Number of protein chains: 2
Amino acid sequence: MAARGQAGPATIEDVARAAGVSRSAVSKVIRDAYGVSPAMRERVTAAIERLGYRPRVSARGMRGKTFTLGIEIPDLANPFYPLLLAGATAALSGTPYQLVIAPADPAHSEGYRALQALVDRQVDGVIAVSPLVEQAWLSEVSATVPLVMLGRHDRAEEYDTVVSDDEAGALTVMRHLFDLGHRDIAHLTGEPEDSDPGFGVPQAIRLQAYRTAMQEAGLGDRINIAHVPGVTAGAHRAALRLLAETERPTAIVACHDEPALEVLRAVADAGLTADDVSVAGYDGIAIAGHPGISLTTMRQDGERMGRRSVELLLERLAGRTAPRHEVVEPDLVVRSSTRPPRALGGR
Amino acid sequence: MAARGQAGPATIEDVARAAGVSRSAVSKVIRDAYGVSPAMRERVTAAIERLGYRPRVSARGMRGKTFTLGIEIPDLANPFYPLLLAGATAALSGTPYQLVIAPADPAHSEGYRALQALVDRQVDGVIAVSPLVEQAWLSEVSATVPLVMLGRHDRAEEYDTVVSDDEAGALTVMRHLFDLGHRDIAHLTGEPEDSDPGFGVPQAIRLQAYRTAMQEAGLGDRINIAHVPGVTAGAHRAALRLLAETERPTAIVACHDEPALEVLRAVADAGLTADDVSVAGYDGIAIAGHPGISLTTMRQDGERMGRRSVELLLERLAGRTAPRHEVVEPDLVVRSSTRPPRALGGR
DNA sequence: GTGAAAGCGCTAACAT
DNA sequence: ATGTTAGCGCTTTCAC
């Protein structure tokens, strides 16, 4: 497919020579800019084809765009994130842009590194999913390149945001449990430092909603929060501890689905069932719908969130300057992991 | 953190001026090349810090390396792939290289597009996970940049490969089922075109191993293969069909875990249990260990595979020229989804 | 040990 | 409509 002339891949120069035209002519053709006769376009295209020419993105980058959009993602192992990617990729198909992902270990607040790596590579736009980077730093980054912060509730003037309505979502879960008759509801989440930096991390919002809901239901004294470092990894043990309490909660709400799965595992390991303790998660990952799991959860439309993020970026590249802040509504998916508490005669 | 002088981010020129040295001096410092006095290094470092200078990767790319390794991955939704990424990322920490991921929809044989996008971006090395691209094309690519093909069994002189021993793995699953007493074992896999292009796609190897095992067990006439387009999406329906057969199989082996989960769902939906039909998958994804799932599977060490791929790339960058082909052994994980067939008195 | 200068492959402003 | 040319920010000889 690529027939090279001499050393290394063909350059724009090679194409120009082969087609008997100038470099700028070739450049115009590949960018389909104004001012090329059909005849010339024809010859150039043929030469490009024949030489298997591919423009070097680095070289283009020096003069402007790289046609690359970057997204920084923590923990690809959480099945919610690939949904964002699917949406983002879909929104990009048909455009000349390519999406590249920079993975970032959330544990070490590596978001900075990954985001910086993307910026260093001259991406034309970035999406950040890291919850734990400073707002000021993000503003600084967005002076260089359009930025969308995905999944955090703090708004800034400099960059766009896309979030799900975590407060409404978390309140909906609580209402669902109250409606079933639950009163002793525990909440399982990460370390306080991780959920409190003040810039509206989803887990922090959901935790606060839990508190509010309990208070307003007059259950302030039954508030029971398990802060566990490395939520997903620690959820199993933390849940076992909750289940061993003398006043065992009748329901456990986890800050998202991954730890919720661990809670379900703990319930099973403790020899209990959904009749003994109800479990709810958050995100609506696919496996929650499996009959063996059947986890009640709030579904977030990750695909839509990813898609919107890309669209906001494309708008910026098209010239928009006013910030936009999108909110996506989640919806409750009730499954058999939540049932009335036993005392009320579970079904 | 970044105090800019005038317009746009600082360049090497700005740093040179600020430190009162030449551009090449700065260049030497940032690459820590030979020939810089401690005094100069000191001043330059200070200036870099003060200006918040970051070398543009595009500019560096024009003269040589981009310090970027690319990996092309189909279907991030399959939890096996993030394992590869975790391994790859881990192997890269401490090196000056950054990993970028190019997602590729496997359905459209988009591997070409994603891989090409990476090459266009001048990555210093690529890992390809796409099973369906032509060997010849890969060889061509590897003339430009070191390439590791991950998860395919065809060997080439031009590039390195990392695979798991799929034949041994698939045979092990079959032996496990035979040992339990199963004879009517069905195999669920993708479309023949997807598994047969001749370059050793894992699914094709596993399918062949199934055939071989059945033949050698004298069960050639009970071979029962369901080829379903879009395995994961189609597995549920295909499984229901298998379960409705008059000579219903006592065991179903799926080509990997994702479709196996769908088979489990189908078993439940048909009102059956693991006592009626055993199910096995392949890959050893985490959820297979959940009590609600408990899927028997062959575990592949994805983390190790990702790590080795990166290491092979780094070796190439360090000068190795002879191709290397690594094989990683999978191991059987027995769970409650496989039991003796009912006729034998399943416990 | 340090700096001057020549490119790397493109794009875009400017001739023609 | 087409070609000429001046950089973009860096690395890398090669003099000093």
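Values in this document were obtained by computation on a predicted structure and should not be read as measured data. Numbers restart at 1 for each chain; the letters A, B, ... are given by sequence-line order, proteins then strands.
- Summarising the geometry, the separation between CZ on Arg63(A) and P on dC10(D) is reported as 15 Å, rounded to the nearest angstrom.
- Residue-to-nucleotide proximity on DNA chain C shows that, of Pro38(B) and Ser27(A), the 5′-proximal contact is made by Pro38(B).
- Backbone-only engagement by Thr11(A) is indicated by non-hydrogen atom pairs under 4.0 Å involving sugar-phosphate atoms exclusively.
- In this entry the distance linking CD of Gln122(B) with C1' of dG9(C) reads 9 Å, nearest Å.
- Residue whose closest nucleotide on DNA chain D sits further toward the 5' end, between Met40(A) and Ala59(A): Met40(A).
- We find that OH of Tyr34(B) is positioned 17 Å from P of dC14(D), with the value rounded to whole Å.
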request  = Would you check, one step at a time, whether the test salt bridge (charged side-chain N to carboxylate O under 4.0 Å, His left out) holds for Asp120(A) with Arg54(B)?
outcome  = CA-CA 7 Å; Asp120(A) 290 347; Arg54(B) 307 276 326 180; 2.4 Å; yes
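- Aromatic ring orientation, Tyr112(B) versus Trp137(B): perpendicular (interplanar angle above 60°, classes split at 30° and 60°).
- Atom pair Ile30(A):CD1 and dA12(C):C1' shows a separation of 13 Å (rounding to whole Å applied).
- Among the nucleotides dT11(C), dG3(C), dC10(D), the one closest to the side chain of Arg23(B) is dC10(D).
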task = Starting from the C-alpha separation in whole Å, work towards a yes-or-no answer on salt bridge (charged side-chain N to carboxylate O under 4.0 Å, His left out) for Asp160(B) and Arg320(B).
result = CA-CA 11 Å; Asp160(B) 302 331; Arg320(B) 175 168 57 77; 2.9 Å; yes
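- Residues Val145(B) and Gln122(B) have side chains not in contact (no heavy-atom distance under 4.5 Å, counting atoms from C-beta outward).
- Base contact: Gly35(B) has a heavy atom under 4.0 Å from a base atom.
- Put simply, Arg31(A) has a side-chain N or O that comes within less than 4.0 Å of OP1 or OP2 on dA12(C).
- Between Tyr53(B) and the phosphate of dG9(D), there is no side-chain N or O to OP1/OP2 separation shorter than 4.0 Å.
- A donor-acceptor contact under 3.5 angstrom links the side-chain atoms of Lys28(B) to the base of dG3(C).
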message = Evaluate Gln98(B) against Arg113(A) for side chain to side chain donor-acceptor pair (under 3.5 Å), listing each step before the verdict.
response = CA-CA 10 Å; Gln98(B) 165 70 30; Arg113(A) 222 208 71 265; 2.6 Å; yes
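- One atom, CD1 of Ile12(B), and another, P of dC8(D), lie 14 Å apart when rounded to the nearest Å.
- Counting any heavy atom pair closer than 4.0 Å across all strands shown, Ser24(B) reaches a base atom.
- For the OP1/OP2 pair of dT11(C) and a distance below 4.0 Å, the side-chain nitrogens and oxygens of Arg60(A) include at least one atom meeting the criterion.
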